[in-house]
Amino acid sequence: MLDSLALLLEKTFLLAHFNFFSPTSSKQERCAKRREDSTYFQRGDLLEVPRTLFTHFGIYLGDNKVAHLMPDILPVLTSNRSQIQKVVTNKRLLLGVIYKYASIRVDTVEDFAYGSPILLNAMDTTLRRQPLAAEEVARRAEKLIGHIPYSLLWNNCEHFVTYCRYGTAVSLQTEQFCESLKSVIRDQRSVLLTTFIGILSMFFLGIAPSTALPTFIVPFILWMAG
């Protein structure tokens with residue numbers, strides 16, 4: 001049961017962080033900013049790791065260390081620091097999203113990147129904002145290390161790094177996701193799609209209040225919103 005729930009939430013989490021919704025600079029500009037060697041990074045740099053379907057962000061603190069916001073359920077279950085400090089698995093992350101529990105933690109560049117290439121300060125061009133002084137950026141990140149309330153759309157890793165580097169917490173991924181969601185809601189065809197999915201869920205899960213009610217309520221809300 002837990003595996004099925006984790007899989008479902010993983011798809012939802014990935015959708016909310018889909019690279020399709022992430023405004024980016026041109027491919028040439030972004031590729032030019034890729035760095036694999038941590039000796040190139042400067043304290044206060046904003047590091048961006050493109051995953052398969054989402055993007056993760058962190059602030060470089062120097063000495064091969066990165067501060068980044070990660071949902072994680074394990075600190076709720078144990079106080080064993082050696083276990084908590086291990087690389088966060090997908091299940092830990094997804095359960096942290098459900099429980100809305102996260103922490104700003106410090107990991108090595110290698111653990112932060114998780115095998116992916118790193119983009120350096122790419123958001124400077126995307127946001128077109130002047131970053132704060134590098135030492136101020138790093139100090140802001142260090143002051144926030146520890147537990148922090150988490151919201152998938154309103155307080156995620158992108159909000160953390162933009163607050164540290166630019167002084168204002170924003171998430172372009174969230175903005176693009178919300179705009180895309182609005183366009184779906186405005187499209188009356190989404191009502192038919194939702195109804196079809198609801199009927200299929202009733203067919204496979206059985207007719208019960210827990211399955212039948214959303215089948216009728218969700219299309220109605222989409223229809224009214226459209």
Any residue meeting ring pair (Phe, Tyr, Trp, His ring centres under 6.0 Å) with Y101, in chain and number order, not counting sequence neighbours = H147
Taking the side chain from N156 and the backbone from E158, do they hold a donor-acceptor pair closer than 3.5 Å?
-> yes
What's the shortest heavy-atom distance between L61 and A67, and which atoms?
-> CD1-CB, 3.9 Å
Can you name the closest pair of heavy atoms from A141 and I104 and give their distance?
-> O-CG2, 4.4 Å
Between D45 and R43, is there a side-chain N and carboxylate O pair less than 4.0 Å apart?
-> no
Side chains of T78 and N80: do they bring a donor and an acceptor to under 3.5 Å?
-> no
Interatomic distance, OG@S171 vs CG@L153, rounded to 0.5 Å, equals 8.0 Å
Mind checking whether V49 and Y40 sit in one hydrophobic cluster, side chains of I, L, V, M, F, W, Y counted as touching below 4.5 Å?
-> yes
Are L74 and V88 joined in one hydrophobic group, where the rule is that I, L, V, M, F, W and Y side chains link up if heavy atoms are under 4.5 Å apart?
-> no
Got Y150 and L69 here, is their nearest side-chain heavy-atom distance under 4.5 Å?
-> yes
In Å and rounded to the nearest 0.5 Å, what is the SG to CD distance from C164 to E136?
-> 9.0 Å
Considering only heavy atoms from C-beta outward, does the side chain of D72 approach that of L93 to under 4.5 Å?
-> no
Stepwise side chain to side chain contact (heavy atoms under 4.5 Å, CB included) test for F57 and T162 | CA-CA 9 Å; F57 300 87; T162 52; over 6 Å; no
Side chain proximity check, D107 to V66, heavy atoms < 4.5 angstrom = no
Compare every heavy atom of M123 with every heavy atom of L172, then report the nearest pair and how far apart it is.
-> CD1-CE, 4.1 Å
V76 vs Y99 side-chain heavy atoms within contact, under 4.5 Å = yes
Same cluster (ILVMFWY, side-chain, under 4.5 Å), M70 and I145 | yes
Linking I/L/V/M/F/W/Y whenever any side-chain heavy atoms sit under 4.5 Å apart, do Y114 and V97 land together?
-> no
Exercise: identify the closest heavy-atom pair between A102 and P71 | CB-CA, 3.6 Å
Separation between CD1 (I84) and CZ (R81), nearest 0.5 Å, reads 4.5 Å
State, yes or no, whether a side-chain contact exists between F41 and N64 at a heavy-atom distance under 4.5 Å.
-> no
side-chain hydrogen bond (donor to acceptor under 3.5 Å, both in side chains) partners of Q83, counting only residues at least two apart = none
Do R140's NZ or CZ and the ring of Y163 fall within the cation-pi criteria of under 6.0 Å and 45°?
-> yes
From CA spacing to verdict: side chain to side chain contact (heavy atoms under 4.5 Å, CB included), T55, E48 = CA-CA 7 Å; T55 303; E48 181 177 339; 3.3 Å; yes
Ring pair (Phe, Tyr, Trp, His ring centres under 6.0 Å) partners for H68, two or more places apart = H56, F112
Only counting residues at least two apart or in another chain, list the ones meeting side-chain contact (heavy atoms from CB on, under 4.5 Å) with L77.
-> I73
Any side-chain heavy-atom pair of R165 and D124 under 4.5 Å = yes
Hydrophobic cluster membership, I59 vs L132, 4.5 Å side-chain cutoff | yes
Under the salt bridge (Lys or Arg N to Asp or Glu O under 4.0 Å) rule, collect the residues that match up with D111, sequence neighbours excluded.
-> none
May I ask you to test the K65-Y60 pair for a side-chain heavy-atom distance under 4.5 Å?
-> no
Beyond-backbone contact of R92 with T89, side-chain heavy atoms, under 4.5 angstrom | yes
Point-to-point distance, once rounded to the nearest 0.5 Å, from CG of L47 to CG of N121 | 7.5 Å
Can you list the residues that meet the salt bridge (Lys or Arg N to Asp or Glu O under 4.0 Å) rule with R129, with sequence neighbours excluded?
-> none
